[in-house]
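Accompanying notes for the structure given below.
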Amino acid sequence: MNDQFSSNPCLTRSQAAETAEDIGSNASQNPTIGDVIATRLARRDVLRGALGVAALAGIAPLALDRALAQSVSPTRFSFREIASGSDEKHHVSEGYDADVLIRWGDAVLRDAPAFDPLKQTASAQQRQFGYNNDYLGYIPMRGAADPSTHGLLVVNHEYTNEELMFPGIGVQQSKAAAFAKMTPELVGIEKAAHGGSVLEIRREAGKWRVEGASSFARRIDADTPMTITGPASGHARMRTKADPEGRNVRGMLNNCAGGVTPWGTWLSCEENFNGYFWGSAAGQPEEKQLKRYGAPANNYAWGKFEERFDLAKESNEINRFGWVVEIDPFDPASTPKKRTALGRMKHEGAEGIINSDGRYVVYMGDDERFDYVYKFVSESRVDPANRAANMDLLDHGTLYVAKFNSDGAGEWAPLIHGQGPLTAANGFASQADVLIDTRLAADALGATKMDRPEDVEANSKTGKVYVALTNNSRRTEAQIDKANPRAENRFGHIIEMAPEGGDHAATRFKWEMLVTCGDHTVSSTGASFHAATTKDGWFGMPDCVAVDPEGRLWVATDGNSAKATGRNDGVWALETEGPMRGHSKHFFRTPNGAEACGPLFTPDGQTMFIAIQHPGEGGGDSIGTFEAPSTRWPDFKPDMPPRPSIVAITKRGGGKIGV
Ligand code: FEO
Ligand code: CA
Ligand code: CA
Ligand code: CA
């Protein structure tokens, strides 16, 4: 079990997940991205980060100012930058409104009772907006007069913070202490607060609202019936006592980021699924496979009350989590499908693009220290005229894992049973084994170990692909070289990939560093933002990225705080083109304790939605609790805990965001 979590009662859920990730499960000898970047940067003239270089060289500040003034030209982002910092409120650029659209506990289904945090029940929570909103996707309503003012908003509910949700219990993550204050009723609420929501939303007179009586409204939770499709469906390792066929599973867990397909479905990605299972890998028949996923991590009390979460009682249930789930939001009665062809990992997101030949390509990160970047290429082409023909497109295709070479080239290695090392002799008896043990298969292929891959997203206007690598505090000096002074990569970086010939199905690509994060005015950080980036403009820990309808990149962060970076998390606009490439500008800031998820744009670029996740968590040495959170955002009522919520940002007087 993960003792680092269980033995430390001073960690919130998200801090504990980060700590667990820091242990790292990848024991393979594959090269780290640090090794590769180090080699590359050693050969390159580092133009960005000139300020840091100058500071190193001892150039006087006045000369620096002059050099800066000469190098500055406009970026494509015209908004007024906000101040970085930390307080209990959210802040958005001057001239914009950030309105709360929906909060934890607000009605999703029409029979939802009013939210009462002192009398919460699982039955109420099943009908109300869940906890810790993460991924946001927007699908225009069919036949809408204006696709940008009427649509479906799909929302992941990643995890729960019992210390902020329930009065009087504090942090309960210790299995050693038997989760003493967790009851079946509280676990029932937690399970109902996971999963996702489908909301019908409209913009009228400039303001967004949730349609109260929508026939599309849906809550999905940790008990929603789902089917398992693709190559691992029905495999012996997917069978349980409750499901001897290995094709039906209840619920999705820890759904972090995701994607929306061109045929109007929602891809919701299971991330830290290992945390929900109880027991020990030691002595299990699949000990090696379990350990590669850091499983079981004993982070939740669920195994105390439900056999399927206890590995000693049901050893295969865990194999049924860690997948990409496809959901049809236009049919609330539809059964979500776990698409095993896209691999099993701590899936961050699944943003895709239609390739020039019509095939669908999904880019994915496996968010753990030293894990990998993947893509899936469908076998068939997307049929834009026939939605039904696309509905099982993701069951057939090829999964690839990325190798980043030191010369700026890269290749995608296919995870195909029988090819290369992926044979029965090496423990992969079928394609199902390759997919259930995706990480082990990628190890065998020599994939490049990355610094926690979060979102990976293609820019359809330029064909470039952006990879957010959030941090890797455990990288050692031995894993980097002198040209890359990021032995402890606390702040992360963003890589830009260019598929060969603009072909997203190609097995070769070029890559380069877009930006290494952190305070670029302090040379020891090794950060490389454009030198004209202000003291408010730099950020650490990139997580969600979004390309807006103008083809510009926005970055949301997870892990900044007064203590970590002197600033709360938020959203920054990052220039990718021209002389200002690498210039970053602060647009939105979260309240204390929260990370920013999304961001999401309507097709007209006039609305940006942001999910404010885990507001009120403690920063630094304290833990926010129901009684003493670090903010009571967004209600600021003394008897109301903080509530994860979605905000809709619009420009006063109308117009595109940041233009
Ligand atoms: Fe749930 Fe990788 O962030
Ligand atoms: Ca998160
Ligand atoms: Ca994330
Ligand atoms: Ca994160």
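Every number for a ligand or one of its atoms is a count from 1 in the order of the listing.
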* Which atom of E271 approaches atom 2 (Fe) of ligand 1 most closely (N/O/S) -> OE2

* So, D367 and the Ca ion (ligand 4): N/O/S under 3.0 Å, yes or no? -> no

* For the Ca ion (ligand 3), which N, O or S atom of D543 is at the shortest distance? -> OD1

* Atom of E454 closest to atom 2 (Fe) of ligand 1, considering N, O or S atoms -> OE1

* **Atom name, E454 (N, O or S, nearest to the Ca ion (ligand 4))** => OE2

* Relative to the ring of Y159, is the ring of H614 parallel (under 30°), tilted (30 to 60°) or perpendicular (over 60°)? -> tilted

* Asked: Does K585 make a cation-pi contact with F77 (under 6.0 Å, within 45 degrees of the axis)?
  -> no

* Within D558, is some N, O or S atom less than 2.8 Å away from atom 2 (Fe) of ligand 1? -> no

* Atom of D367 closest to atom 2 (Fe) of ligand 1, considering N, O or S atoms -> OD2

* Short N-O contact, R292 and D437, less than 4.0 angstrom -> no

* **Positive for side chain to side chain contact (heavy atoms under 4.5 Å, CB included) with V324, one of M345, H347, K338** => H347

* Among the N/O/S atoms of E348, select the one at the shortest distance from the Ca ion (ligand 3) and name it. => OE2

* Structure fact -> Which of V456, V373, D543 passes side chain to side chain contact (heavy atoms under 4.5 Å, CB included) with E348? It is D543

* **atom 2 (Fe) of ligand 1 - closest N/O/S atom in E348** => OE1

* To do: Is it possible for you to check whether R344 lies under 6.0 Å from the centre of the six-membered ring of Y293, through NZ or CZ, and within 45° of that ring's axis?
  => yes

* To do: Please determine if R567 forms a cation-pi arrangement with W538, meaning its NZ or CZ atom is less than 6.0 Å from the six-membered ring centre and no more than 45° off the ring axis.
  => yes

* Asked: the Ca ion (ligand 4) is nearest to which N, O or S atom of D558?
  -> OD2

